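Remember, predicted model here, so these are calculated numbers, not experimental data. A note on names: the letters A, B, ... follow the listed sequences, proteins ahead of strands, and every chain is numbered from 1.
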2 protein chains.
Amino acid sequence: MQEKLYEGKAKKIFATDDPDVVLQQFKDDATAFDGTKKSSITSKGTSNARISARLFRLLEENGVATHFLEQPSEDSLLTRKLDMFAVEVVVRNYAAGSIVKRLGFEEGQKFKQPMVEYFLKDDSLHDPLITCAHIEELGLVSKDELEQLKSLALKVNEVLGAFFAERGITLVDFKLEFGRDREGNIVLGDEISPDTCRFWDAETGKKLDKDRFRFDLGEVEEAYQEILGRVESD
Amino acid sequence: MQEKLYEGKAKKIFATDDPDVVLQQFKDDATAFDGTKKSSITSKGTSNARISARLFRLLEENGVATHFLEQPSEDSLLTRKLDMFAVEVVVRNYAAGSIVKRLGFEEGQKFKQPMVEYFLKDDSLHDPLITCAHIEELGLVSKDELEQLKSLALKVNEVLGAFFAERGITLVDFKLEFGRDREGNIVLGDEISPDTCRFWDAETGKKLDKDRFRFDLGEVEEAYQEILGRVESD
């Protein structure tokens, strides 16, 4: 086994023989509410790795550069090594989660247009909401790069939204993380899975994402499997 | 006495014979931390009314439209009646207060450029930080009006910053509230005082604003008087 470079809440990252390539191993560990709720979801690692692989491929086919290279095993991805931005980009089509509490939107309310939010990746500050002015002051990304992140996030929303709509799933919202590759290109990193997206069954409204774990809704493992099945269906 | 239209934490607003004009009476009541800390500061009403009158005059002289008409008594202002936006506009030159906790800036750190933030005026939501995307979604002001608010706020910052610098005071940050008059013009409303600005003595760094009340620093009344004296000096 190669050197472990990093272990996060949901993934371990290992070096490979190629300094520009890392191996991301997806864990079954689940955390929520700023790490205060911890457990494990059977086969989540495998589901999320396979879902991410399929969605990264889809995005690449649609002209979005991602860090994905290949899937060498059920629960891992080989990816390009990126220098990650300390910004999470969130796109919201419908109100759910933190924005409901923060701003009083009603859960399920459709936004007039997809809403893009930025959060500072900083555990000690609990990943606060930040504005363009904060991003500039903190020097997290340049003004030009921020415009790129926003338009990439909206492009991802279009591609994923259509893909999931065809599979009877409403893409409610999702979180993206971007970084720079060795040549300085902006590339989509992290994962795209029920851990980082909200998916609702388009017909029944049933939540098929990490909210089942957050709020003890039951059938947690089954939700991840359901998304995997629909994502891998043609 | 005319009909009381509204009583807030720091002011009462009365109708006058002219439907486009209201009387703002400044109270000595002081609240902080979302209303959880309450007390009274001797002569605050008078200080804040006089300080606001002087600063509104200064801004009018510099081309910023304000609601100020005249000061009929020590603790009150006659103002144009505005339809207020549900947005607070904050301008920060140095890090202090909520942004220190929220984003980890060091108190007193000078920002590369004046930072403009927006907050939703909603007590039940505790006046949360909002972004341009939220403002658009909530329909609080149009995109064009938001640009106007921002450039007006920066203009106010320039005028007040220079005025206070001449009087040995550092303008750390401040909060503005705007509204529309009957003709639809954007006009600066509310007050400009040690309740809504952070003022630090430029030499000693001594806080001369509501933070003395918030954090029980003593000499609260004296700080308001000190600002009044410097504001009214030529």
### Task
Assess whether atom NZ of B:Lys81 is packed by more than 12 heavy atoms of other residues, nucleotides or ligands within 6.0 Å.
no

### Query
Counting only heavy atoms not in A:Lys27, do more than 12 sit closer than 6.0 Å to its NZ atom?
yes

### Query
So which heavy atom on A:Ile130 is nearest to which on B:Leu103, and how close?
CG2-CD2, 3.5 Å

### Query
Would you find more than 12 non-hydrogen atoms of other residues, nucleotides or ligands less than 6.0 Å from B:Glu106 atom CD?
no

#### Entry: Side chain B:Lys112, main chain A:Glu136, donor-acceptor under 3.5 Å
yes

### Query
Do you know which of A:Leu138, A:Leu125, A:Ile99, A:Leu120 has the most heavy-atom pairs under 4.5 Å to chain B?
A:Leu125

### Message
Under a 3.5 Å cutoff, is there a donor and acceptor pairing between the side chains of A:Gln113 and B:Glu137?
### Response
no

### Message
Atom CD of residue position A:Glu60 - does it have more than 12 heavy atoms of other residues, nucleotides or ligands inside 6.0 Å?
### Response
yes

## Note on the structure
For B:Tyr6, the ring-ring contact (aromatic ring centres under 6.0 Å, His included) test, sequence neighbours excluded, returns none

### Query
Would one find more than 12 heavy atoms of other residues, nucleotides or ligands at under 6.0 Å from atom CD of A:Glu183?
yes

### Query
Checking heavy atoms, do the side chain of B:Phe105, its backbone, both or neither come under 4.5 Å from chain A?
side chain

#### Entry: Option that, when pairs with chain B are counted at under 4.5 Å, heavy atom only, ranks first among A:Thr131, A:Asp122, A:Leu129
A:Leu129

#### Entry: Max heavy-atom pair count under 4.5 Å with chain A, selected residue of B:Met115, B:His134, B:Arg102
B:His134

